[in-house]
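Input: a single structure, listed below in structure tokens.
Because the structure is predicted, anything quoted here is derived from the model rather than measured.
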Amino acid sequence: MVEDGKIEAKKSPFALREGEIKTFDGKDGYVSMNQIVQKINLGHINDLHFHIVELVNEFEFITSRQLCQMLDHKGIDYKSQDKLNNKLDQLVRSKILTRYYFSSEDGKGIYRIYCLEKMGKYLLTSKEIECKWQQSDNTKPVAMIKKRLAGNQVIIAYLNKVKAFDEYTVKPSLTAKTLGKTFRASGGGVRLSKNSKSITFIFEVIRREEDWQKKLVDKMKMYKDFYENFIPLDSGFQSLPQLIIVCEDEMHTKETFKEIVTNNVEISKIKLYFTTDLRQIEENLSKTLLEFKIDKETNKYKAYDVELKLLD
């Protein structure tokens, strides 16, 4: 597996591409539960397979590289990425997992995306592991899947590179009281702790999907409602979490900030930070956030890097 510091990329693999579609790369046909049980009894499906299925269930959509990183974090030995890919192939052939790739005018995507199949849900529920998967989940559009993958990357970057990392949440839930809506931060969240103090970062991933500006404004209205009516323990938070907007690239951060300002959905109670997909592959995350402030010379907004020692 290539380490983050050795990745050379000019464009995020999780950015949207024009005309991009999701293409099935799984297994057609029928597999019975009796066949699965026999494979378990023969040891062809073992604890490592179950660990993989649990992670796929937790993240909903995930790449094999992200699976390697999460297994490393949990201290689970999978020998090598090639051997992990063999395990994934076995799970796909058994219809416990299924697999997709993205294709566009630029060609076929370089990575595969894994998600649950019906047999995977049966296996998890048999072990009394909560699984809310339903078949319709696998019909989600490209933009929603790429938001999840970009969110996974952020979570993994923080748990691998930030000493103050405490725990992560894949789908943190928040409530907009006035609007009467419960919503989720699309990129997940992490809790950082140092010297008996904690802060939670929640990540909202924005992609240049169709009508993305309107979707952004609608989501920011819910965040604005949550923050401006917040009291301790709302949505389980002891104090205000820090919102970070994850964009496709540097230009996208400017486009996103402009939409937020022109539609008057800024949040007065917090500083709003931005980051990008490619900033997550930096070896040190302490300078990967940015904020927009008025430049005194031009009297216009300008992006400034933010240094947070907590992210060393």
Worksheet item: If you take all heavy atoms of L174 and A185, which pair is closest and at what distance?
Response: CD1-N, 4.1 Å

Worksheet entry | Worked check of side-chain contact (heavy atoms from CB on, under 4.5 Å) between V92 and Y114 | CA-CA 9 Å; V92 169; Y114 295 87; 4.0 Å; yes

Worksheet item: Which heavy atom in L88 sits nearest to a heavy atom in S64, and how many Å separate them?
Response: CD1-CB, 3.8 Å

Fill in: Donor-acceptor contact present, side-chain S94 to main-chain L91, <3.5 Å
no

Worksheet item: Mind checking what makes ring pair (Phe, Tyr, Trp, His ring centres under 6.0 Å) contact with Y304, not counting sequence neighbours?
Response: none

Discussion item. Run the side chain to side chain contact (heavy atoms under 4.5 Å, CB included) test against K296 and tell me which residues pass, sequence neighbours left out.
Written reply: none

Discussion item. Please report the interatomic distance CD1(I62) to CD(Q153), rounded to the nearest 0.5 Å.
Written reply: 12.0 Å

Discussion item. Between K163 and D312, is there a side-chain heavy-atom distance shorter than 4.5 Å?
Written reply: no

Fill in: Pair E210 + K215: basic N to acidic O under 4.0 Å
no

Worksheet entry | Contacts of F61 that satisfy ring pair (Phe, Tyr, Trp, His ring centres under 6.0 Å) - sequence neighbours left out | none

Practice prompt. Determine which pairs satisfy salt bridge (Lys or Arg N to Asp or Glu O under 4.0 Å) with at least one residue from residues 168-180, sequence neighbours left out, and list them in order.
Written response: E60-K171, K177-D234

Worksheet, complete the sentence: Taken in chain and number order and not counting sequence neighbours, the residues that satisfy side chain to side chain contact (heavy atoms under 4.5 Å, CB included) with V37 are M33, N41

Discussion item. Test side chain to side chain donor-acceptor pair (under 3.5 Å) on S80 and D82; report intermediate values, then the result.
Written reply: CA-CA 5 Å; S80 68; D82 285 341; 5.2 Å; no

Worksheet item: Is any side-chain heavy atom of R17 less than 4.5 Å from a side-chain heavy atom of K146?
Response: yes

Worksheet entry | Worked verdict on E259 versus V265 for side-chain contact (heavy atoms from CB on, under 4.5 Å) | CA-CA 9 Å; E259 291 297 325; V265 285; over 6 Å; no

Worksheet item: Is the closest basic N to carboxylate O distance between D249 and R208 below 4.0 Å?
Response: yes

Response to the item:
ring pair (Phe, Tyr, Trp, His ring centres under 6.0 Å) filter on F292, not counting sequence neighbours, yields F257, F274

Discussion item. Set out, in order, the CA-CA distance, both residues' side-chain angles and the distance that settles side-chain contact (heavy atoms from CB on, under 4.5 Å) for E255 and H252, then state yes or no.
Written reply: CA-CA 5 Å; E255 297 166 356; H252 195 208; 3.4 Å; yes

Fill in: Lys/Arg-Asp/Glu bridge criterion (N-O < 4.0 Å) met for D218, K214
yes

Discussion item. Applying side chain to side chain contact (heavy atoms under 4.5 Å, CB included), can you list everything that pairs with N57, at least two apart in sequence or on another chain?
Written reply: L116, L124, I129, C131

Worksheet item: Does the distance from a Lys or Arg side-chain N to an Asp or Glu carboxylate O, for D89 and R112, drop under 4.0 Å?
Response: no

Practice prompt. Sort and list the pairs that fulfil ring-ring contact (aromatic ring centres under 6.0 Å, His included) and have at least one residue in residues 122-165, not counting sequence neighbours.
Written response: Y158-F203

Worksheet item: Excluding sequence neighbours, so at least two apart, what forms side chain to side chain contact (heavy atoms under 4.5 Å, CB included) with T298?
Response: D295, K300

Fill in: Contact check, side chains of Y101 and I110, non-hydrogen atoms, under 4.5 Å
no

Discussion item. So which atom in T175 and which in S235 form the shortest heavy-atom distance, rounded to 0.1 Å?
Written reply: N-OG, 3.1 Å

Response to the item:
What one should report as the nearest heavy-atom pair of V142 and K22 is CG2-N, 3.7 Å

Discussion item. I'd like to check the ring pair (Phe, Tyr, Trp, His ring centres under 6.0 Å) partners of F50; sequence neighbours left out, ordered by chain and number.
Written reply: none

Worksheet entry | Salt bridge flag under 4.0 Å for residues K147 and E209 | yes

Worksheet item: According to the side chain to side chain donor-acceptor pair (under 3.5 Å) rule, which pairs have a member within residues 196-205, sequence neighbours left out?
Response: S186-E204, S193-S198, E204-K219, E204-Y223

Worksheet item: What pairs meet the salt bridge (Lys or Arg N to Asp or Glu O under 4.0 Å) rule with one or both residues in residues 262-278, with sequence neighbours excluded?
Response: R207-D277

